[in-house]
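Working notes, beginning with the structure itself.
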Amino acid sequence: MWRRVEREKTRVRGRERAFEESSEDEDGETDARRARFGSKERSVEGQVLRGELGAMRDVKAFSTGDRTSWIAVVVSFVNFTSFHAVREGYMACKSVLADQLQYPTVLLGNIDFSFCFAYAVGLFFSGLIGRRLGVVRVIAFSYAGTALLSIALGVVNGYIFSPQTSQEAWEVALVTHLPLWMASGLVQSLAYPNFIALLSANIEPCFRSTVLSIWAVASPVGDIVGLQIARAVLRAGDENWPMVMFASAGFVFLNLIAFLLFVAPNSRGIVDEEDAEKALFIQSNEDTAPEPSFKEVITKVWKLPGVVDYAGSLMALKGVVTSLLFWIPFYVDERFGSHSNSIISTQLFDLSLIIGIGVSALLNRLLDRWIPLFMVSLILGIIPLTCIPYENNLEGTVACIFATGFFVGPAAALFASVMSAELASKTKEHRGHGGIVGVISGFVDSSGAVGSGVGQILVGVVASAYGWRAVFMMLTGFVILGTFCLVRMLRMEIGNVQ
């Protein structure tokens with residue numbers, strides 16, 4: 001195997017010499033630019049293993065000698081779990097809000113919609129803000145704001161206001177609960193796209209896709225942490241639900257400290273050789289390559305092949321995954337009368353997301369085919385999702401929920417991270433301007449947040465008017481729509497292979 005690598009390196013060096021000899025009669029500046037932006041085959045030394053499976057592609061093994069900042073990867077993984085711990089801790093308290101504060105189901109759905117709407121607006125601009133202000137600064141602000149708003153929500157709606165009727169619940173929630181939770185969604189949205197931009201700059205391109213796939217597991221891990229916090233607090237009594245928000249805020253503050261100590265000093269980032277050369281060229285020709293404006297970036301990003309497709313698919317799929325995450329505790333508690341089992345059911349759903357993402361990353365590592373994997377997985381996920389409302393026992397319901405997360409979850413989790421990074425790596429006109437990964441991730445994920453918000457308000461309305469069977473029929477339709485949005489990308493991938 002190593003002899004083949006040496007032969008390949010010798011062949012590439014021969015090409016380079018031939019190229020240099022044939023370029024002697026060219027203008028000096030053109031010659032220099034060709035030398036800078038030459039064939040990517042010069043990086044063959046970094047591709048040392050040729051896989052014997054799947055697409056027979058070059059794969060670089062993980063090692064301690066590469067340039068990837070593993071401190072940034074590992075610590076940021078723990079960091080990002082804190083955001084989901086806050087959200088899922090609150091979601092575990094929804095049945096408590098319904099019982100103790102007289103919150104009707106429709107009101108809970110409207111609050112969730114407002115959170116997702118604010119989250120979507122923030123995501124759309126968060127990548128652009130990170131480009132201008134710096135990703136580290138924006139992420140740190142997101143941490144601090146999330147923790148403070150969580151404390152404010154617990155204090156205001158846990159101790160100051162206590163509505164006794166549904167009408168009072170609407171009045172109090174619209175004035176206090178909804179604005180605070182919307183502000184929290186807006187602040188939380190600043191973190192994710194900028195984390196993806198930071199990590200993309202700290203991971204070597206040859207296995208960026210795999211590492212980002214594994215890193216995406218931080219979301220369901222954070223959900224499990226938040227649920228464990230809620231379970232421990234609520235065991236002492238439902239009236240202690242504000243302590244869930246306080247404990248989650250403390251977890252966020254601890255991660256802010258860890259981020260500033262371990263991730264921020266290691267966030268200078270790395271780029272591959274070609275990108276570095278292009279960045280140098282752009283910096284030396286600032287007059288001919290000015291920094292694009294917000295409007296120019298937005299226009300160009302939305303025209304990139306794949307951005308609209310992934311955004312549309314994620315909008316539908318997030319409506320499914322977020323609805324399950326937000327409403328499983330409420331649904332199981334209402335259906336089987338067990339708040340403890342409702343939390344366990346949500347934890348198993350998060351576990352299914354973790355396993356599904358891991359399996360998808362492994363299969364793609366072997367096959368190098370994301371889109372077919374996603375489409376097959378989504379089609380299989382339709383079956384258990386349809387069966388959930390027809391199960392009459394808790395075990396069967398949990399099994400269907402677990403299978404749905406395993407098959408539907410990976411696509412919803414990876415579009416705004418892995419696929420956004422891959423789209424950015426193919427966007428040559430934006431290289432050298434920096435932060436384009438965060439911009440694409442923000443745009444795609446904002447569409448997913450819109451789908452999440454619409455899903456929440458629809459779940460509340462449909463469940464109240466037509467029952468839970470109609471809700472799961474609606475979610476099944478969302479999965480079908482999300483699969484259909486990937487058809488064009490599948491055709492493009494098949495065309496590239498041929």
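Numbers here simply count residues along the sequence, with the first being 1. Since the structure is predicted, the reported quantities are computational estimates derived from the model, not experimental observations.
- Across all non-hydrogen atoms, the minimal contact from Gly409 to Leu353 is CA-CD2, 3.4 Å.
- For the atom pair Cys93 SG and Leu108 CG, the distance stands at 11.5 Å (nearest 0.5 Å).
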field: From CA spacing to verdict: side chain to side chain contact (heavy atoms under 4.5 Å, CB included), Phe406, Val359
entry: CA-CA 9 Å; Phe406 178 84; Val359 171; 4.1 Å; yes

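- The OG atom of Ser447 sits 8.0 Å away from atom CZ of Phe124, with the distance rounded to the nearest 0.5 Å.
- At least one donor-acceptor pair under 3.5 Å links the side chain of Ser248 to the backbone N or O of Val244.
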task: Could you give me the CA-CA distance, side-chain angles and deciding distance for Val233 and Trp241, then say whether side chain to side chain contact (heavy atoms under 4.5 Å, CB included) is met?
output: CA-CA 7 Å; Val233 172; Trp241 76 265; over 6 Å; no

query: Met91 and Asp112: side chain to side chain contact (heavy atoms under 4.5 Å, CB included), yes or no, with the steps?
result: CA-CA 9 Å; Met91 297 308 162; Asp112 290 343; 3.7 Å; yes

- prompt: Step by step, would you call Leu373 with Ser360 a side chain to side chain contact (heavy atoms under 4.5 Å, CB included)?
  reply: CA-CA 7 Å; Leu373 284 174; Ser360 298; 5.6 Å; no

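- Taking both residues in full, the closest heavy atoms of Ala413 and Ala216 are given as O-CB, 4.1 Å, listed atom of the first, atom of the second, then distance.
- For Ser352 (side chain) and Phe349 (main-chain N/O), a donor-acceptor pair under 3.5 Å exists by modelled atom type.
- Side-chain contact between Phe77 and Val217 is present, with heavy atoms from C-beta onward closer than 4.5 Å.
- In terms of heavy-atom proximity, Leu348 sits nearest to Val398 at CD1-CG1, 3.2 Å.
- How far CG of Leu458 is from CE of Met474: 5.0 Å, rounded to the nearest 0.5 Å.
- Rounding to the nearest 0.5 angstrom, the gap separating the CE atom in Met245 from the CG atom in Leu153 is 5.0 Å.
- Annotation: side chain of Asn110 is in contact with side chain of Ile457 (closest heavy-atom distance under 4.5 Å).
- For Phe83 and Tyr143, the gap between ring centers is short of 6.0 Å.
- In this structure, the side chains of Val221 and Asp350 stay at 4.5 Å or more apart for every pair of heavy atoms.
- At a threshold of 4.5 Å between non-hydrogen side-chain atoms, the residues Leu148 and Phe253 count as touching.
- Contact annotation: the side chain of Tyr90 approaches that of Leu97 to within less than 4.5 Å [non-hydrogen atoms, C-beta and beyond].
- When every heavy atom of Ala191 is checked against every heavy atom of Ile139, the shortest pair comes out as O-CG1, 4.2 Å.
- The number of heavy atoms from other shown groups lying within 6.0 Å of CE (Met375) is above 12.
- Atom-to-atom distance recorded for Phe478:CZ and Leu481:CG is 8.0 Å, nearest 0.5 angstrom.
- Between the side chain of Ser184 and the main chain of Leu180, no donor-acceptor pair closer than 3.5 Å is present.
- The two residues Gly154 and Pro242 make their nearest non-hydrogen contact at O-CB, 3.5 Å.
- Checking side-chain atoms of Ser452 against main-chain N and O of Gly319 turns up no donor-acceptor pair under 3.5 Å.
- The backbone N or O of Ser126 lies less than 3.5 Å from a partner atom in the side chain of Asn194, making a donor-acceptor pair.
- Screening Ile382, Leu378, Leu324 against Val408 for a side-chain contact (heavy atoms from CB on, under 4.5 Å) leaves a single residue, Leu378.
- Between the Asn79 side chain and the Asn255 main chain, a donor and an acceptor come within less than 3.5 Å of each other.
- Using modelled atom types, one finds a donor on one side chain and an acceptor on the other under 3.5 Å when comparing Ser76 with Trp215.
- Minimum heavy-atom separation, Met182 to Phe115: CG-N, 4.3 Å.
- Taking CG of Leu128 as the reference point, atom CZ of Arg132 lies at 8.0 Å (rounded to 0.5 Å).
- Between Phe472 and Tyr331, the ring-plane angle classifies as perpendicular under the 30° and 60° cut-offs.
- A 4.5 Å side-chain heavy-atom check between Phe374 and Leu317 finds every atom pair outside the cut-off.
- Here the side chains of Leu186 and Phe125 are not in contact, with every heavy-atom distance at 4.5 Å or above.
- Here the side chains of Leu475 and Ser323 are in contact, with some heavy-atom distance below 4.5 Å.
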